Amino acid sequence: MMVYGEPGEGKTPLLGSVVEVPSMLPALLIDCDSGTLSIRNRDGLNTLHLSKMAAQLSGEQGKNISPWKALEETYRWLTQEDHEYKTVMLDGGTEIQRYCELECIAYGIERKQSGDHDPELAELADYRRIHERMKRMYMRFRDLQTKDGRRVNFLATAHEGKAKDDLTGKMYIQPLFIGKATVLISSVFDIIARLTVSDVGTKKDVKVLVPAINGTARGRDRSGSLGGFIEDPTMEKIVQ
């Protein structure tokens, strides 16, 4: 499942509510944008801070390890080492994209013989590389299989942005990624849901999770079981 919404809307606490679902524990939350203060010290939930891990690996290996490389190392560990995690979560898709962009631009510089690649401006080939690497990374985590052959639940978050539909000209709210990456990454998930605040009946400003196309907001529910929206959502309500 991908949960997207405005910064501060409560995406991380929603993922953190996984501790209320024993069948999904233990769980690992990979913190990509240092936004896990709100769910610190929850039993059954471990947090890995990607930037801190990158700094630690850099010190151990004596060379610069980027957060993107740290994410790749985390995936390797989850697939090749012994652990009991039943749920893995990537919190901060927009930051993951930034890490990927920096990695791809650096790769482009190395590949460009003339050496005049502007590091502040990604070229077309860089963007294509970003799109493909991002999709591949999300697919890896979606299809993650542990050393002992177990599949895990995979949840992720992203900020929201607006984009124009090329056919209708309408503006839509959707997960915030660069260009075609939105479509490519969205195709990975069975459920894409927007976390927002809305009026529900006579209630005002209610927190809702919308797992379907609603007005101008993009969504998907391949399970067909979540309905039009979930009021005051928690992982327990979603699983039920």
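The shown structure was predicted, so the numbers you read here are calculated from the model rather than taken from an experiment.
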- Task: Begin from the C-alpha positions of Leu176 and Gln97 and carry the test side-chain contact (heavy atoms from CB on, under 4.5 Å) through to its verdict.
- Result: CA-CA 10 Å; Leu176 179 60; Gln97 179 177 262; 5.8 Å; no
- Item | From CA spacing to verdict: side-chain contact (heavy atoms from CB on, under 4.5 Å), Ser187, Lys135 | CA-CA 9 Å; Ser187 68; Lys135 179 184 178 182; 4.2 Å; yes
- Query: Run the side-chain contact (heavy atoms from CB on, under 4.5 Å) check on Met235 and Leu155 step by step: do they pass?
  - Reply: CA-CA 11 Å; Met235 288 308 304; Leu155 311 174; 3.8 Å; yes
- Message: Does Leu78 form a side-chain contact (heavy atoms from CB on, under 4.5 Å) with Leu28? I'd like the steps, not just the answer.
- Response: CA-CA 10 Å; Leu78 287 167; Leu28 173 66; 4.0 Å; yes
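Looking only at distances, no side-chain donor or acceptor of Lys11 sits under 3.5 Å from a matching main-chain atom of Leu195. Side chain of Asp232 to backbone of Val206: no donor-acceptor contact under 3.5 angstrom is found. No side-chain donor-acceptor contact under 3.5 Å links Thr79 to the backbone of Thr146. Judged purely by atom type and a 3.5 angstrom limit, Arg220 uses its side chain to pair as donor or acceptor with the backbone of Phe189.
Evaluation of the side-chain hydrogen bond (donor to acceptor under 3.5 Å, both in side chains) test over residues 53-66, restricted to residues two or more places apart or in two chains, returns Gln56-Glu60, Ser66-Glu103.
Tyr75 pairs in a ring pair (Phe, Tyr, Trp, His ring centres under 6.0 Å) with only one of the listed residues (Tyr138, Phe141, Phe154), which is Phe141.
A salt bridge links Glu73 with Arg76; the closest basic N to acidic carboxylate O contact falls under 4.0 Å.
Contacts of Val239 classified as side chain to side chain contact (heavy atoms under 4.5 Å, CB included), with partners at least two apart in sequence or in another chain: Val21, Met24. In this structure, the side chain to side chain donor-acceptor pair (under 3.5 Å) partners of Glu72, at least two apart in sequence or on a different chain, are Trp68. Residues satisfying the ring-ring contact (aromatic ring centres under 6.0 Å, His included) test with Tyr85, not counting sequence neighbours, are His83. Shown here are the side chain to side chain donor-acceptor pair (under 3.5 Å) partners of Ser23, two or more places apart in sequence or in another chain: there are none. Among residues two or more places apart in sequence or in another chain, the ring-ring contact (aromatic ring centres under 6.0 Å, His included) test is passed with Phe177 by none.
Inspection of the Asp31 and Thr47 side chains reveals no N or O donor paired with an N or O acceptor under 3.5 Å.
Looking at every heavy atom in both residues, Pro211 comes nearest to Gly228 through CD-O, 3.6 Å.
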